Amino acid sequence: MADVEREDDVAAAVREADARGEPLLVLGEGSNVVVGDEGFAGLVARMAIPGIQVERAGDRVTVDVGAGEGWDAFVTRCVSEGWRGVECLGGIPGRVGATPIQNVGAYGQEVGESIVSVRVFDRTRGRFSTMDAAACGFGYRASVFKRSDRWIVTRVRFAFDRSGESVPLRYAELVRALGVRDGDRAPAHRVRETIVALRRTKGMVVSADDPDSVSAGSFFVNPVVDAAAVARVEAAAGERPPRFDAGEGRHKLAAAWLVERAGFPKGWGSGRAGVSRKHALALVNRGGATARELLACARAIRDGVRSRFGVTLEPEPVFVGCVWDEPTGGSGEEHGHQGE
Ligand code: NAP
């Protein structure tokens, strides 16, 4: 394992791993990663590139940030400087360089909306390049970087409005907690504080005092389905599922709602891995659970949701040295890298 603190270190780590014929794993804080019980047989490069450079131009500010900077501290700085664009993304663990990978989002805001470009080491071409936002292919919790090891993110360039006000707020729970109306704005610092407090009640802020925060955050992505699938879910559940317009006649369903209605309530599972007591989407390690136990629990939930509702949940974390798409009741052999 090596800390990479400069771009030169990144190129050196790639060369070293390639020369030895070993895989390379680039890690931030590891908060969205499930590592197999056999570990990872290769070089782990821990992203630690520092630095925040700010350029002001009128009402806009451009901020160039090293991939190793802590994400939550960066959000706090943005809010305190009056830079609008990431105030809904407070309380999320990990480092800045990890945020474009899955276009981190929460409460209706996505990091890709504020990203101008991402500087990467391109392993295919063996050189650094700068990818603008369009080239990053940002989608719902997705980008070209997700589940690919071609690019290593070394810096992220953001552009923000200079404003103490948040973006318009749409999430019912947030709007309620702030005492504003749907679509209103609120002071960005209050939005950040309120969201961090909400996340804490759901075990989504990593804390030594909270056993329900020992998780990889949401384990499943909210599924985006067509109208026929929504109708099937409604028929099976006997009630209308919460759903949100996802464009092109498609609807986003709340994975947590499906999980709970399929018989996996908060606190489910009697083993060392189970559903968080605070949020049905988080799977927690209650102490000493193996990756196999965690995956068995997650697959039981996926299978239960599929047989009840006909919807297949996809996992959100990155799997290292273990695979997700193993048939249920498989041999338990979980070596090697996950494919696409
Ligand atoms: P929630 O408020 O209980 O809502 C359930 C789901 O409904 C959310 O996942 C959200 O989708 C969707 N939703 C609610 N209001 C919506 C609206 N006005 N428009 C579109 N979609 C809406 O959700 P929660 O689980 O407590 O999470 C709150 C926010 O934090 C969510 O945005 C969630 O994604 C984010 N979060 C992410 C992680 C992670 O590990 N990635 C962990 C915790 C929370 P979206 O998820 O698409 O926003």
Side-chain angles (χ1 to χ4, degrees), residues 28-34 71-72 75 86-95 98-113 138-143 146 166-178 180-185 191-207 210 212-225 230 233 240-247 250-261 264-266 275-284 298 301 305 311 313-319:
E29 277 165 21
S31 46
N32 202 37
V33 179
V34 176
W71 174 253
D72 187 46
V75 170
V86 289
E87 61 279 357
C88 295
L89 306 179
I92 295 175
R95 297 187 181 177
T99 60
I101 308 289
Q102 72 153 342
N103 187 16
V104 162
Y107 295 95
Q109 194 169 60
E110 292 181 347
V111 72
E113 295 160 8
F138 293 125
Y140 179 61
R141 308 284 191 269
S143 76
K146 185 131 196 199
S166 71
V167 291
L169 302 169
R170 305 253 166 241
Y171 276 47
E173 190 183 40
L174 175 61
V175 160
R176 235 184 353 258
L178 282 161
V180 298
R181 281 169 312 184
D182 185 48
D184 280 358
R185 298 175 189 268
V191 170
R192 190 199 72 83
E193 283 158 16
T194 306
I195 284 176
V196 173
L198 279 174
R199 294 181 71 94
R200 221 178 273 288
T201 66
K202 299 175 185 197
M204 291 293 184
V205 177
V206 176
S207 158
D210 183 358
D212 283 303
S213 75
V214 186
S215 80
S218 302
F219 199 92
F220 297 105
V221 185
N222 291 327
V224 174
V225 299
V230 175
V233 170
R240 270 176 103 66
R243 68 210 171 286
F244 303 92
D245 184 13
R250 295 172 70 76
H251 307 271
K252 180 180 72 181
L253 298 175
W257 187 93
L258 296 170
V259 167
E260 293 199 59
R261 298 300 184 290
F264 307 95
K266 296 186 185 84
V275 176
S276 156
R277 290 168 301 177
K278 294 186 176 143
H279 200 308
L281 259 197
L283 301 185
V284 294
I301 293 170
V305 168
V311 173
L313 295 179
E314 295 295 339
E316 200 210 68
V318 170
F319 297 92

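Every number for a ligand or one of its atoms is a count from 1 in the order of the listing. Being a predicted model, the structure only gives us computed values, none of them experimental.
Of the inter-residue distances, the one linking Ser215 atom OG with His279 atom NE2 reads 10.0 Å to the nearest 0.5 angstrom.
The protein heavy-atom contact nearest to atom 33 (C) of ligand 1 is Arg141 NH2, 3.9 Å. Protein heavy atom at the shortest distance from atom 36 (N) of ligand 1 is Arg199 NH1, 3.9 Å. The nearest protein atom to atom 35 (C) of ligand 1, hydrogens excluded, is given as Ala106 CB, 3.6 Å; this is a heavy-atom distance. In terms of protein heavy atoms, atom 18 (N) of ligand 1 is closest to Arg170 O, 3.2 Å. The nearest protein atom to atom 48 (O) of ligand 1, hydrogens excluded, is given as Tyr171 OH, 2.5 Å; this is a heavy-atom distance. Of the protein's non-hydrogen atoms, the one nearest atom 41 (N) of ligand 1 is Glu316 OE2, 2.8 Å. For atom 46 (O) of ligand 1, the closest non-hydrogen atom on the protein side is Asn222 ND2, 2.9 Å. Nearest protein neighbour of atom 2 (O) of ligand 1, counting heavy atoms only, is Glu173 OE1, 3.6 Å.
Although no hydrogens or angles enter the test, the distance criterion places a donor-acceptor pair under 3.5 Å between the side chain of Arg141 and the main chain of Gly105. For Asp212 (side chain) and Ser276 (main-chain N/O), no donor-acceptor pair under 3.5 Å exists by modelled atom type. Judged by distance alone, the side chain of Asn103 and the main-chain N or O of Gly139 form a donor-acceptor pair under 3.5 Å.
Nearest-residue assignment for atom 19 (N) of ligand 1 (options Phe244, Tyr107, Phe220; heavy-atom criterion): Phe244. Taking each of Arg243, Lys202, Lys252 in turn, the one with a heavy atom nearest to atom 3 (O) of ligand 1 proves to be Lys202. Of the options Ser218, Ala172, Ala246, the smallest heavy-atom separation from atom 40 (O) of ligand 1 is shown by Ser218.
For ligand 1, none of its N or O atoms has an N or O atom of Gln102 under 3.5 Å away.
Residue Gly217 approaches ligand 1 through these ligand atoms, each under 4.0 Å from one of its heavy atoms: 40 (O). Residue contact check: Met204 has heavy atoms under 4.0 Å from atoms 42 (C), 43 (C) of ligand 1. Heavy-atom contacts of His279 reach the following atoms of ligand 1: 24 (P), 25 (O), 26 (O) (cutoff under 4.0 Å).
Other residues, nucleotides and ligands place no more than 12 heavy atoms under 6.0 Å from the CZ atom of Arg277. Heavy atoms from other residues, nucleotides or ligands lying under 6.0 Å from CZ of Arg200 number 12 at most.
Checking Asp182 against Tyr171 by side-chain atom types alone, no donor-acceptor pair falls below 3.5 Å.
Between Phe319 and Phe219, the ring-plane angle classifies as perpendicular under the 30° and 60° cut-offs.
A salt bridge links Lys278 and Asp210; the closest N-O separation between the charged side-chain nitrogens and carboxylate oxygens is under 4.0 Å. Between Arg95 and Glu29 there is a salt bridge, with a side-chain nitrogen of the basic residue lying less than 4.0 Å from a carboxylate oxygen of the acidic one.
Contact of the Ile195 side chain with the Leu174 side chain is registered, since non-hydrogen atoms from C-beta on lie closer than 4.5 Å.
Under the 4.0 angstrom criterion for non-hydrogen atoms, Tyr140 is in contact with ligand 1.
Within 4.0 Å of atom 24 (P) of ligand 1, at least one protein heavy atom is present.
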